[in-house]
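So you know, we letter chains A, B, ... as the sequences are listed, proteins then strands, and number each from 1.
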2 protein chains.
Amino acid sequence: MTRKREKQEPKGFTDRELDIMSVLWREGSGTVTEVREALGEDVGYTTVLKMLQILEEKGAVGHEQEGRAYRYFPLVESVRAGGRALTRIVNKIFHGSAERLLATLVEDREFSAEEIARMRSILDRVERRGDDG
Amino acid sequence: MTRKREKQEPKGFTDRELDIMSVLWREGSGTVTEVREALGEDVGYTTVLKMLQILEEKGAVGHEQEGRAYRYFPLVESVRAGGRALTRIVNKIFHGSAERLLATLVEDREFSAEEIARMRSILDRVERRGDDG
DNA sequence: GAATGTCAACGACAATCTTCGTAAAAGATG
DNA sequence: CATCTTTTACGAAGATTGTCGTTGACATTC
């Protein structure tokens, strides 16, 4: 039957695509040259251009003219992309358990007291949210 | 230059690969037929076999003879795979901030008071761990 | 021992990703 | 205008993924 693909909600990004999206999210936007520089120039100019064209085709970025060059900018928010990626990981790797994900996340990482405090307040907020109404 | 690829530490799993690894992590092991059934049978037998062979080639799974069939089992632990995936997401999407990841994780999800309590105690443990030495 | 059923191996195929080379447009400079 | 430089467009090539069809091995059953 081979399931048609049509529009369909966005799948995850591949490694290289994510590299490029990461730059755009961080910087807000970028020309091909700027993105390439941000990547450390270890990829060719046309490669970066091609990836941006593919991402645009997929609806992940847009562009506007700026002088002779194009300025690319993200069309999908990082938080939404992150949410989808996390859902996938929670379901497929941590059997739906956010706790286990959190445990793995904090394993092997160092946190300041302030960071931990802020994470606690995130949990506080969630708890209050779920309280009644 | 084209960086040689040789051995290199494991990259992430693709969607279909992750489907299959997910089954093996959950069940502990499986024959081709078992994995296929767990996937809902919407993929052909040879497809599942092929994916397992590819995963084996990558070192993600192993197999042993069981009667006439092979029994496949994971060689990479789910927690390690999860850790790598999380690192990638933290760095590329959340700009290195585990807090922001946590905020996104708990957004749009419902948690019981017990779950939140357990997540708090995970943070407690991390805090005590980092206290002095 | 011939037919049937289960299973792995092999190879084909299309789709996608990633990499560029080359060409072409278009402004800048002599 | 001829030539450089910057930039996009086109398309090809290699690698990987995901899908199977076919074949052949091997065991079970008549």
Side-chain angles (χ1 to χ4, degrees), chain A residues 1-8 10-23 29-73 88 92, chain B residues 1-24 29-73 88 92:
Chain A
M1 280 315 93
T2 55
R3 226 90 191 69
K4 261 258 225 64
R5 179 161 298 253
E6 313 214 337
K7 245 316 135 51
Q8 189 186 235
K11 277 200 3 179
F13 295 112
T14 63
D15 273 1
R16 198 46 114 183
E17 286 174 350
L18 192 56
D19 284 345
I20 289 175
M21 290 306 293
S22 183
V23 170
S29 71
T31 62
V32 175
T33 301
E34 286 168 2
V35 171
R36 177 160 176 259
E37 279 165 4
L39 290 176
E41 311 219 357
D42 46 4
V43 261
Y45 182 99
T46 42
T47 302
V48 175
L49 171 62
K50 182 63 157 187
M51 295 306 298
L52 283 166
Q53 286 169 341
I54 289 173
L55 285 167
E56 182 157 44
E57 200 171 304
K58 294 206 229 171
V61 309
H63 79 261
E64 62 194 8
Q65 194 87 35
E66 183 185 79
R68 296 204 287 123
Y70 289 172
R71 173 159 297 275
Y72 290 87
F73 48 85
R88 178 177 123 115
K92 296 291 174 65
Chain B
M1 282 306 102
T2 54
R3 227 88 190 69
K4 260 258 225 64
R5 180 163 295 253
E6 313 214 337
K7 245 318 136 45
Q8 191 183 235
E9 84 289 350
K11 276 200 0 177
F13 296 112
T14 63
D15 273 0
R16 196 48 116 182
E17 287 174 350
L18 192 56
D19 284 344
I20 289 174
M21 292 305 294
S22 182
V23 171
L24 295 183
S29 71
T31 62
V32 175
T33 302
E34 287 168 1
V35 171
R36 177 160 175 260
E37 278 165 5
L39 291 176
E41 310 220 355
D42 48 2
V43 261
Y45 180 98
T46 42
T47 302
V48 175
L49 171 61
K50 182 62 155 191
M51 294 307 296
L52 283 166
Q53 287 169 340
I54 289 173
L55 285 166
E56 182 158 44
E57 201 170 302
K58 292 206 236 171
V61 308
H63 79 261
E64 62 195 8
Q65 194 88 35
E66 182 185 77
R68 296 204 286 123
Y70 288 173
R71 172 160 298 276
Y72 289 86
F73 47 86
R88 175 178 124 115
K92 297 289 173 66

Which value, rounded to the nearest 0.5 Å, describes the distance between A/Phe73 atom CZ and A/Glu56 atom CD?
8.0 Å
Can you measure from OG (B/Ser22) to CZ (B/Phe13) and round to the nearest 0.5 angstrom?
11.0 Å
Closest nucleotide among C/dC20, C/dC17, C/dC7 to the A/Lys58 side chain
C/dC17
Of the candidates D/dT7, D/dT19, C/dT19, the side chain of A/Ala69 sits closest to D/dT7
To the nearest Å, give me how far apart [atom1] ([X]) and [atom2] ([N]) are.
X       : N      : atom1 : atom2 : result
A/Gln53 : C/dT16 : CD    : C1'   : 16 Å
A/Leu39 : C/dT19 : CG    : P     : 10 Å
A/Gln65 : D/dT8  : CD    : C1'   : 10 Å
A/Glu17 : C/dT19 : CD    : P     : 11 Å
B/Phe13 : D/dT16 : CZ    : P     : 16 Å
A/Met51 : C/dC20 : CE    : C1'   : 13 Å
A/Glu57 : D/dA9  : CD    : P     : 12 Å
B/Lys50 : C/dA12 : NZ    : C1'   : 10 Å

Closest approach of A/Val61 to A/Met21 (non-hydrogen atoms, all atoms of both residues):
CG1-SD, 3.5 Å
Using a 3.5 Å cut-off and no angle test, enumerate the donor-acceptor pairs between side-chain atoms of residues 47-55 of chain B and protein atoms at least two apart in sequence or in another chain.
none

Assess whether atom CD of B/Gln65 is packed by more than 12 heavy atoms of other residues, nucleotides or ligands within 6.0 Å.
yes
What parts of residues 29-38 of chain B reach DNA chain C, counting only heavy atoms under 4.0 Å away?
B/Val32, B/Thr33
Please determine whether a side-chain nitrogen or oxygen atom of [X] lies at a distance below 4.0 Å from atom OP1 or OP2 of [N].
X       : N      : result
A/Tyr45 : D/dT6  : no
A/Thr14 : C/dT18 : yes
A/Tyr70 : D/dA9  : yes

For residues 29-44 of chain A, run the donor-acceptor check on the side chains, cut-off 3.5 Å, and write out each pair with its distance to 0.1 Å, sequence neighbours left out.
unit_1  : atom_1 : unit_2  : atom_2 : d
A/Ser29 : OG     : A/Arg71 : NH1    : 2.8
A/Thr31 : OG1    : A/Glu34 : N      : 3.2
A/Glu34 : OE1    : A/Thr31 : N      : 3.0
A/Glu34 : OE1    : A/Arg71 : NH1    : 3.3
A/Glu34 : OE1    : A/Arg71 : NH2    : 3.4
A/Glu34 : OE2    : A/Arg71 : NH2    : 3.0
A/Arg36 : NE     : A/Val43 : O      : 2.6

ring-ring contact (aromatic ring centres under 6.0 Å, His included): which pairs involve residues 50-71 of chain B, sequence neighbours left out?
B/His63-B/Tyr70, B/His63-B/Tyr72
Min side-chain heavy-atom separation B/Glu17-B/Ile20 under 4.5 Å:
no
Using a 4.0 Å heavy-atom cut-off, write out nucleotides 21-30 of chain D from 5' to 3' as B (base contacted by protein), S (sugar-phosphate only) or - (no contact).
BB---BS---
